[in-house]
Amino acid sequence: VPYPADNDFGERLSRLAALISKPLGVRVATVEADGDFDTHDNQPSELARSLKTVSEALAAFQADLEARGVADRVLTVVWSEFGRRPEANESQGTDHGAGGIGWVQGTRAASGVLTDYPSLTALDREDNLAVTVDFRKVYASLLEGWLGTPADEIIPRAGAFGRLALVR
C-alpha cells in the first residue's frame, strides 16, 4: 500500500504495520504525529497542513493493515494532550485550552460520535470548552474493551468513570 510521499508520520506507520503483520505479539505501540498543532498564530493554514499530513498517513495505515489481513487485530487511538480555546487571538491562532480531541479507528472500532460535542456557547469559568468526557473513561474503556485488562488494576477508582462502547 502506498503511503504519502515526504510524510515521516506515514513512514513510521508503515514500519509499524510491517511489525504488526509479523508473529511478534505486539499489543501496544505508540507513534507520534508530526505537525504543528500548537497553533498560536496562522492557524487556518498551519492546522490544515498538519491535519492533512496526519489524515493521509492514518488512511494509508488502515489500508495497509487491511491489505496485510491484520486489520481486525488493530485499534488505532488518536488523541491530543491539550485543546485549544474557542476564540481566536490577534495573530489568527488560538491559545491553549481544555478539552482536546480523541478518536478510535479500525475495522472493530464502534462507529459514530460516542460523546457529546462541547458547546461553543457554554464555556467553563475560564472561557475554555467544557470537557464532555473524562479521558480516564476512554482509557478504562480501551483497557477493558480492547486489551481485556481490568481498568481498576491500572486507573485508581476506574469504576467511577463509567465506560464507552469503543469496540464492536
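Atoms considered below: every heavy atom in the structure, side chains included; atoms not considered: hydrogens, waters and symmetry mates. Bear in mind that the values here come from a model prediction, so they are computed numbers and not experimental data.
In terms of modelled atom types and a separation under 3.5 Å, the side chain of Arg84 and the main chain of Gly97 share no donor-acceptor contact. Between the side chain of Ser50 and the backbone N or O of Phe37 there is no donor-acceptor pair closer than 3.5 Å. Formation of a donor-acceptor pair under 3.5 Å by the Asn89 side chain with backbone atoms of His40 is found in this model.
Taking all atoms of both residues into account, the shortest heavy-atom contact from Ala60 to Pro4 is CB-CD, 4.0 Å. Across all non-hydrogen atoms, the minimal contact from Ala140 to Ile155 is N-CD1, 3.7 Å. Closest non-hydrogen pair, Arg68 versus Ser14, comes out as NH2-O, 4.4 Å. The minimum heavy-atom distance between Arg163 and Ala151, with the atom names listed, is NH2-CB, 3.7 Å. Closest of all the heavy-atom pairs between Ser141 and Leu164 is OG-N, 2.7 Å. Residues Asp64 and Ala17 share a closest heavy-atom pair of OD2-CB, 3.4 Å.
Between Leu58 atom CG and Tyr3 atom OH the span is 9.5 Å, to the nearest 0.5 Å. Rounding to the nearest 0.5 Å places CG of Leu129 at 6.5 Å from CG of Leu123. Note that CG of Asp72 is 6.5 Å distant from CZ of Arg108, once rounded to the nearest 0.5 Å. Taken from CD1 in Ile154 to CZ in Arg136, the straight-line distance is 15.0 Å, to the nearest 0.5 Å. Interatomic distance, CD of Glu153 versus CD of Glu144, reported as 9.5 Å (0.5 Å rounding). Here the CG-CD distance, from Asp34 to Glu11, works out to 11.0 Å after rounding to the nearest 0.5 Å.
Note: Phe135 and Trp79 have tilted aromatic rings, judged against thresholds of 30 and 60 degrees for the angle between ring planes.
No single ILVMFWY cluster, assembled from side-chain heavy atoms under 4.5 Å apart, contains both Leu24 and Val28. At a threshold of 4.5 Å between side-chain heavy atoms, the hydrophobic network of Ile, Leu, Val, Met, Phe, Trp and Tyr places Phe82 and Ile101 in two separate groups. Hydrophobic clustering (side-chain heavy atoms under 4.5 Å, transitive across Ile, Leu, Val, Met, Phe, Trp, Tyr) keeps Leu75 apart from Leu19. Under the 4.5 Å side-chain heavy-atom criterion for Ile, Leu, Val, Met, Phe, Trp and Tyr, Trp103 and Leu51 are members of the same hydrophobic cluster. Taken together through direct or relayed side-chain contacts under 4.5 Å among Ile, Leu, Val, Met, Phe, Trp and Tyr, Ile20 and Val31 form part of one hydrophobic cluster.
In this structure the side chain of Glu32 never reaches within 4.5 angstrom of the side chain of Thr30, judged on heavy atoms. Proximity of Leu142 to Val104: side-chain heavy atoms (C-beta onward) are separated by under 4.5 Å at one or more points. Counting only heavy atoms from C-beta outward, the side chains of Val54 and Phe9 approach each other to under 4.5 Å. Within the 4.5 Å cutoff, no side-chain heavy atoms of Arg73 are placed close to those of Leu65. Residues Gln92 and Asp41 fail the side-chain proximity criterion, which asks for heavy atoms closer than 4.5 Å.
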Full working for side-chain contact (heavy atoms from CB on, under 4.5 Å) between His96 and Asp38: CA-CA 8 Å; His96 291 225; Asp38 198 5; 2.8 Å; yes
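Counting heavy-atom neighbours within 6.0 Å of Glu81 CD, excluding the residue itself, gives a total above 12.
Residues Thr53 and Asn7 have side chains that never bring a donor and an acceptor to within less than 3.5 angstrom of each other. Side chain to side chain, Gln43 and Thr94 meet the donor-acceptor criterion of an N or O pair below 3.5 Å.
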